[in-house]
Amino acid sequence: MLAKTVTGSFANVIHGLSSAHLTESVIQRSKRMILDTLGVGLIGTTTEVFQKALQYSKIYSADTSSTVWGQSDVRLPPLYASFVNGVAVHSMDFDDTWHPATHPSGAVLPSLMALSESYLGNQRPSGLDLLLAFNIGIEVQGRLMRFSKEARDIPKRFHPPTVVGPMGSAAASSKFLHLNQSQCREALAIAASYSGAPMANVATQTKPLHIGNAGRHGLEASCLAYLGLEGNKQIFDLETGFGAFYNDYDPQSLPSLDSFTWLLEDQDVAFKRFPAYLGMHWAADAASAVRKQIVGNNGLLPVDSIKKIELKIPDAKYVNRPFPASEHEARHSFQFNTCTALLDGTVSVQSFTENNISRPSLRELLGKIQVVHPSDNKPNFEKLYCEVNLTMQNDDTFSERCDTFYGHWRKPLSKEDLVNKFRSNASTVLSKDGVEGILENVDRLEDVADCSVLSSFLKLRNDALEECKGTILR
């Protein structure tokens with residue numbers, strides 16, 4: 001009955017999908033997403049924005065509580081554990097990116113991890129249960145973004161995770177909570193009233209709250225639906241419903257369970273090698289290639305010998321930042337990441353410290369940048385490119401173009417490099433036992449009997465760090 005509307009078809013799929021629908025490809029890809037999200041969330045707990053979110057959330061308490069990642073002595077009510085862990089995931093802009101453009105995992109995984117320890121009573125969801133609910137949350141986000149052609153381009157008005165993220169979290173949480181079809185539909189309607197945040201807060205400390213709130217609000221919507229709260233039963237069918245976020249909204253019913261296929265099967269995600277907006281990876285790879293042509297035997301870039309740097313990038317105002325003044329602005333600056341890669345040969349976690357942002361050689365290079373927006377360079381993660389043309393004082397020129405960076409879904413990170421990224425990130429706060437325990441259990445997640453075991457490893461802090469509590473590690 002519910003499937004006669006677009007909204008009803010979503011509720012039908014959320015309720016009806018089972019682990020038997022998961023394919024081997026989807027299981028393997030989603031395990032990579034889960035591992036990466038846990039890693040970037042753990043290193044994200046060292047940031048100032050996470051500490052502020054945690055300090056605020058500590059005012060809340062409840063009989064039921066969940067793990068705060070990387071904290072051995074702090075637990076929070078599930079909604080706020082989901083919130084702060086989601087903030088941590090996006091606090092450095094190090095989390096995965098999908099197409100159409102959104103950050104899918106951070107809006108879903110923290111909610112499920114919080115639920116696995118709390119609201120399910122004596123039920124202990126398995127690793128396979130986690131994989132199913134996680135993939136449902138990812139799928140709902142992807143399906144919704146395909147209802148709009150404008151969603152395929154770099155956003156201009158709303159930050160996508162705040163639009164589709166609460167819906168993904170609500171779908172995943174509803175599955176974990178075993179809601180019936182009607183309750184699943186109500187959860188989506190409730191979550192829609194939590195959706196949407198402006199792009200103006202990108203490149204500020206507020207942006208990580210977008211992911212934290214997406215997860216928390218989706219989980220909250222599911223809990224309210226479980227208690228009988230109701231919303232508009234056609235929320236996905238109406239221009240005044242979910243269509244309010246898009247100018248060209250064209251909703252379509254989901255396929256039946258018998259013919260259902262996962263979007264993740266055909267469209268993989270991108271994993272970042274360094275913590276910055278995804279577009280920066282094209283710029284860094286092009287600039288690093290130029291650098292190899294001009295550095296001398298001493299390995300230093302001859303900054304004084306450079307006359308100008310032409311940077312060909314798509315026209316996207318919020319990542320066109322000539323002189324970023326903060327780490328968050330630097331993570332969203334084509335100019336900064338280009339110049340950092342030219343100076344250092346790479347971009348890394350350390351690139352965004354205050355000392356590196358303010359160094360004179362970098363500021364000098366930034367002053368030599370000339371930005372060009374070619375008409376064929378589209379603001380779309382499937383189509384964009386970055387070209388760096390460097391002219392020396394003697395008029396020698398060096399040029400490189402990046403069409404696909406390493407880590408993009410067309411050129412995915414190897415398993416070894418993804419594991420190394422996780423180890424590097426997780427070991428900033430966890431003990432070796434914690435790091436290896438997560439690796440082992442995610443690798444065999446479909447065979448894990450109780451997925452809440454992951455939370456026991458997420459709080460095994462490095463003993464040396466226990467002595468430094470209260471210090472913000474950078």
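Heavy atoms only: backbone and side chains are in, while hydrogens, waters and symmetry mates are out.
- Phe236 and Phe147 have their aromatic ring centers separated by at least 6.0 angstrom.
- Below 30°, between 30° and 60°, or above 60°: for His103 and His90 the angle between ring planes is between 30° and 60°, a tilted geometry.
- The existence of a salt bridge linking Arg331 and Asp93 is excluded, since no basic side-chain nitrogen approaches an acidic carboxylate oxygen closer than 4.0 Å.
- Geometric assessment of Lys421 against the ring of Phe94 yields a positive cation-pi assignment under the 6.0 Å and 45° thresholds.
- Aromatic ring pairs are classed by plane angle as parallel below 30°, tilted from 30° to 60° and perpendicular above 60°; the pair Trp409 and His99 is tilted.
- For His408 and Trp282, the ring centers sit closer than 6.0 Å to each other.
- Ser111 and Ser173 share no side-chain donor-acceptor pair at under 3.5 Å.
- Ring geometry for Phe352 versus Phe274: interplanar angle under 30°, hence parallel rather than tilted (30 to 60°).
- A salt bridge does not link Asp96 with Lys272: every distance from a Lys NZ or Arg NE/NH1/NH2 to an Asp or Glu carboxylate oxygen is 4.0 Å or more.
- Using a 4.0 Å cut-off between a side-chain N of Lys or Arg and a carboxylate O of Asp or Glu, Glu150 and Lys156 do not qualify as a salt bridge.
- Between Lys415 and Asp443 there is a salt bridge, with a side-chain nitrogen of the basic residue lying less than 4.0 Å from a carboxylate oxygen of the acidic one.
- For Phe245 and Tyr249, the ring centers sit 6.0 Å or farther from each other.
- Comment: Arg401 engages Asp403 in a salt bridge, judged by a side-chain N to carboxylate O separation of less than 4.0 angstrom.
- With salt bridges taken as basic N to acidic carboxylate O contacts below 4.0 Å, one links Glu117 and Arg75.
- We find that Lys52 and Glu48 are joined by a salt bridge, their nearest charged nitrogen and carboxylate oxygen being less than 4.0 Å apart.
- For the pair Trp262/His21, a side-chain contact is recorded, criterion being any heavy-atom separation below 4.5 Å from C-beta on.
- Contact check on Asp153 versus Lys383 returns no salt bridge, with no Lys/Arg side-chain nitrogen under 4.0 Å from an Asp/Glu carboxylate oxygen.
- The pair Glu382-Arg152 fails the salt-bridge criterion, with no side-chain N (NZ, NE, NH1 or NH2) lying under 4.0 Å from an Asp/Glu carboxylate O.
- Judged purely by atom type and a 3.5 angstrom limit, His332 uses its side chain to pair as donor or acceptor with the backbone of His328.
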